[in-house]
Amino acid sequence: MTGKELLGYQRQAIINAGMNPDDPSGVYYRPMELLTRQQTNWMDHFTRLGKMQEYEINLSGGSQRTKYYSSISYHDNEGVFYGVDFQKMQARINADHELNNQWKTGVRINAGYMYGEDVPMQDLYYANPAFAGITILPWTPAYNEDGSHNTLIPENSNNNPRATAIYDEQWEKQYRFNGSFYLEYKPIKGLTLKTTNAAELNFTEGRRYWSLEASNDAAGYPVLQTSTMKYQYLTTSNTATYEGLWDKHNYRLLLGQEASHRYSNEFYHSSQNLNPDIPHHISGNSTNDVAYSEGTETLMSFFGILDYSYDSRYYLQASARYDASSKFGKNNQWGLFWSVGLSWNAHNEAFLKDVDWIQMLKVRASYGINGNNNISNYRQYGLYSSTVYNGITGMIPSSPANDDLSWEKNKSWNAGIDFTFFKKLSGSIDFYTRTTDDMLLYKNLSGTSGFGSALQNIGSMRNTGIELQMDYKVIENKDWLWEVGFNIAHNKSKILELAGDEMMSYSNDSRIKHIVGEQMFTFYLKDYYGVNPVNGEALWVTEDGSLSNDYNQAAWIKAGSPEPKYTGGINTSLTWKDLTLSIVGEFKGGNKVFIVENRYLQSDGNQMSMNQAKSLLNYWQKPGDTGCNPKPVAGNSSNSYSFSSDRFIEDGDYFRIKDITLSYNVPSKWLSRAGIGSLKVYGSALNLFTFHDVNFWDPERGVDGMGYGVYPQTKTFVIGLDLSF
């Protein structure tokens, strides 16, 4: 709201509470004089026009036996919020060399350095400009009389994100190396032996320093947090491949072994009550907290693949792998996974070869089982955590051991058709079903066990879906080419079983549940009915279907799912000689989103120290008003703004113009005299516009439909140049 809108709203809320907004001694004093003060649009104050620049140079060449490619790039991005900046430098070298007709070797090396400065852009945090920008009162001054940034902002816990961006430090540096080496040997015709060994190394250091200048901290001393992290990922892959062609039979058999090892450690150091003249962890400064952690993970795999085709018409692919993960219990570390696929190139059959309008028609089907081990390390063991009891620090069991913890298994089948007709229309249609068994979920335990929950293989879920992709050449001649494309996908998940339970919470958030018979994610919330047209109070639907103004009597209901019913995109490209215009759009629909920020932005008078959403101006004012928000009452305690209400559930449908690019390839005849191979100039507009009805700036809220306080989507305009010699 603007200052005028907010003041009018708050004054009415104070009157509705039976108080006088012009009483200086009242709990809520909101005189009209507030509008004579300097008004601040805090979101404008915290944002700027971001800038991005990127450069890359690459060089490739070689000889008959040696090929190489090298590149170096630089990326610099200044974010739309003050204090958000990112730089990256990267270098790459690829080289392959044939020693002789039997031996070949090569390396891949990629090294990079990244530096990022940030402000707290997560959760509803006072120093998060995305949240503070919509909640700080408009009549709160942005600057002090001496021109310095105002940090005396009680409604934002005396934090000013602009001051945070200037005076506080929050940065991270990453040094990355990724390299691999392979050696290939062909002892006889058709047989290839190959070993590939790779290492990924990452060293990260971070620093966060809360200065005295950035906030009105009553303690009056800075705080420093630093961390370092080391990560290494080692892999070795060794394969033997035999392939050949006999008459119309083409085959390839691959047998292999792979092993990987991950290791990481992290050191965290926190100091409080620092001397601001010595902002480091050194003797004489008070050090309050030191933490260290490390983890390791290994994976061993044996696998085989068979590819077979007959006469370019019939194809078979089969695979099997035997994997062991250190993340699982000693009784179930190994898992056997396999797949088989069949396809038929019908267009190569004799009875279709003379059908001119069919250029390609392939029918395919597959079935397979794969495994998932995407969980944290050491969950199979009985773990301990630190605690303080009666002033004494000790260790207590925090989770029970599970020697039977094992792979989550996905059993899926797929059937599809690929086609090209009339030399213009091409596309594919896919149908699939995937059943997940032995899901890795945390199950609540009886309090008598001494534990709250434990990770177990429980439950099953099914996903079914269809995917369609179509591309059509509208015009194709000497000077013109116009192509359009469309894709859409539908997926429906359904939880089949939860080890006897009907419902489980998702990630310890009571607002989202796993419910048998429902989709993977289901909002489970209090049933908000609307406004009582008689007195403007919020009404709730009770278990027996009656209405009540008592929030505690409200029924819990399934309020939809954040999972979309469909996702897709549309694209078109129009080329005239060397000029090309391309447009890409994306869409999503059928999903629900939960606008968590509205707990504060539509508080019906509860949050008198915060700005409010403009949509709240549509509130109840007289008997008979319907389709509006409850009447505002200063200090409102009716829970009409509850976090656990479906009042803030909205349809997440949107259509976004993702990319518009206009490019021009300069004709080669104009470049040859200058020794230039090719030159392309282009301009792009990214995320240009999004059509949606969500009462917030971005309809995308993450996989759980709730992601709040996040860095929003930004419009980006790009001018680029591609040049080669």
Side-chain angles (χ1 to χ4, degrees), residues 67 94 96 98 101-106 108 180 182-198 235-260 299-324 334-353 358-372 407 409-420 426-434 467 469:
K67 305 293 182 184
N94 298 342
D96 299 279
E98 293 183 7
N101 293 333
Q102 291 182 304
W103 291 90
K104 183 178 180 180
T105 186
R108 306 286 186 268
S180 66
Y182 76 86
L183 184 63
E184 187 177 285
Y185 175 52
K186 296 182 178 180
I188 60 175
K189 182 180 179 180
L191 178 62
T192 302
L193 306 177
K194 185 176 182 179
T195 178
T196 303
N197 301 275
T235 61
T236 180
S237 177
N238 306 282
T239 60
T241 305
Y242 186 76
E243 55 187 334
L245 176 64
W246 174 64
D247 193 18
K248 296 181 179 181
H249 303 272
N250 196 322
Y251 55 87
R252 181 180 78 105
L253 176 64
L254 181 148
L255 298 176
Q257 171 271 336
E258 188 173 82
S260 65
L299 183 70
M300 175 67 78
S301 304
F302 299 94
F303 53 89
I305 300 174
L306 171 64
D307 290 324
Y308 168 79
S309 66
Y310 174 74
D311 196 25
S312 297
R313 289 183 290 163
Y314 310 109
Y315 293 81
L316 165 69
Q317 183 181 72
S319 69
R321 58 184 302 127
Y322 195 41
D323 296 319
W334 288 92
L336 178 63
F337 311 107
W338 57 272
S339 69
V340 60
L342 300 170
S343 61
W344 173 37
N345 280 347
H347 58 277
N348 286 338
E349 295 288 354
F351 62 86
L352 286 179
K353 282 189 175 181
I358 298 179
Q359 285 72 55
M360 194 263 284
L361 181 62
K362 177 187 287 188
V363 181
R364 48 189 167 72
S366 65
Y367 179 82
I369 302 175
N370 61 38
N372 171 37
W407 293 86
K409 301 176 182 65
N410 296 292
K411 304 173 183 178
S412 61
W413 70 264
N414 173 281
I417 300 174
D418 303 319
F419 57 86
T420 300
S426 62
S428 63
I429 304 174
D430 282 271
F431 304 87
Y432 65 86
T433 292
R434 183 176 69 249
E467 298 176 350
Q469 178 177 339

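Numbering starts at 1 and runs along the sequence shown. Reckoned from all heavy atoms, side chains included, excluding hydrogens, waters and symmetry mates.
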Check L245 against H249 and note the closest heavy-atom contact, atom names and distance.
CD1-O, 3.1 Å
Correct closest heavy-atom pair for K411 and Y367 would be CB-OH, 3.7 Å
Got M360 and D418 here, is their nearest side-chain heavy-atom distance under 4.5 Å?
yes
Would you say N410 and F337 make side-chain contact, with heavy atoms under 4.5 Å?
no
Can you tell me how far apart NZ (K67) and CG (D96) are? Round to the nearest 0.5 Å.
10.0 Å
Just by distance, no angles: are the side chains of T195 and N197 close enough, under 3.5 Å, to form a donor-acceptor pair?
yes
Quick one, V340 with L316, criterion side chain to side chain contact (heavy atoms under 4.5 Å, CB included). Give me CA distance, side-chain angles, the key distance, then yes/no.
CA-CA 7 Å; V340 60; L316 165 69; 3.8 Å; yes
Do the side chains of D323 and F303 get nearer than 4.5 Å, heavy atoms only?
no
Spacing of CG belonging to L361 relative to CZ belonging to F419, to within rounding of 0.5 Å:
9.0 Å
Quick one: closest heavy-atom pair of K353 and N348, and the distance?
CE-O, 3.1 Å
Does the side chain of H347 come within less than 4.5 Å of Q359's, by heavy atoms?
no
Between W103 and Y185, how do the two ring planes meet: parallel, tilted or perpendicular, split at 30° and 60°?
parallel
Grab the two heavy atoms, one from P187 and one from Q102, that are nearest each other, plus how far apart they are.
O-NE2, 3.4 Å
Mind checking the OG1-CD spacing from T236 to E258? Nearest 0.5 Å is all I need.
8.0 Å
Is the shortest side-chain heavy-atom distance between Y322 and W338 below 4.5 Å?
no
Closer than 3.5 angstrom, by distance alone: can the side chain of T105 be matched with the main-chain N or O of Y182 as a donor-acceptor pair?
yes
In L306, D307, T239, the residue satisfying side-chain contact (heavy atoms from CB on, under 4.5 Å) with L254 is T239
When rounded to the nearest 0.5 angstrom, what distance separates OG in S343 from NZ in K362?
5.0 Å
Minimum side-chain heavy-atom gap N370-N372 below 4.5 Å
no
Are S339 and S319 close enough that a side-chain donor and a side-chain acceptor fall under 3.5 Å?
yes
Do you know which two heavy atoms are closest between L255 and G304, and how far apart they sit?
CD2-CA, 4.1 Å
Test item: D430 side-chain N/O and E467 main-chain N/O as donor-acceptor pair under 3.5 Å:
no
Value rounded to 0.5 Å, distance of CG in N345 from CG in D311:
10.0 Å
Around K186, counting heavy atoms of other residues, nucleotides and ligands shown, do more than 12 lie under 6.0 Å from its NZ?
no
So which heavy atom on S301 is nearest to which on L299, and how close?
OG-CG, 4.1 Å
CG of D247: more than 12 outside heavy atoms within 6.0 angstrom?
yes
Ring-ring centroid check W344 Y310, cutoff 6.0 Å:
no
Within this structure, what is the OH-CD distance for the pair Y308 and E243, rounded to the nearest 0.5 Å?
15.5 Å
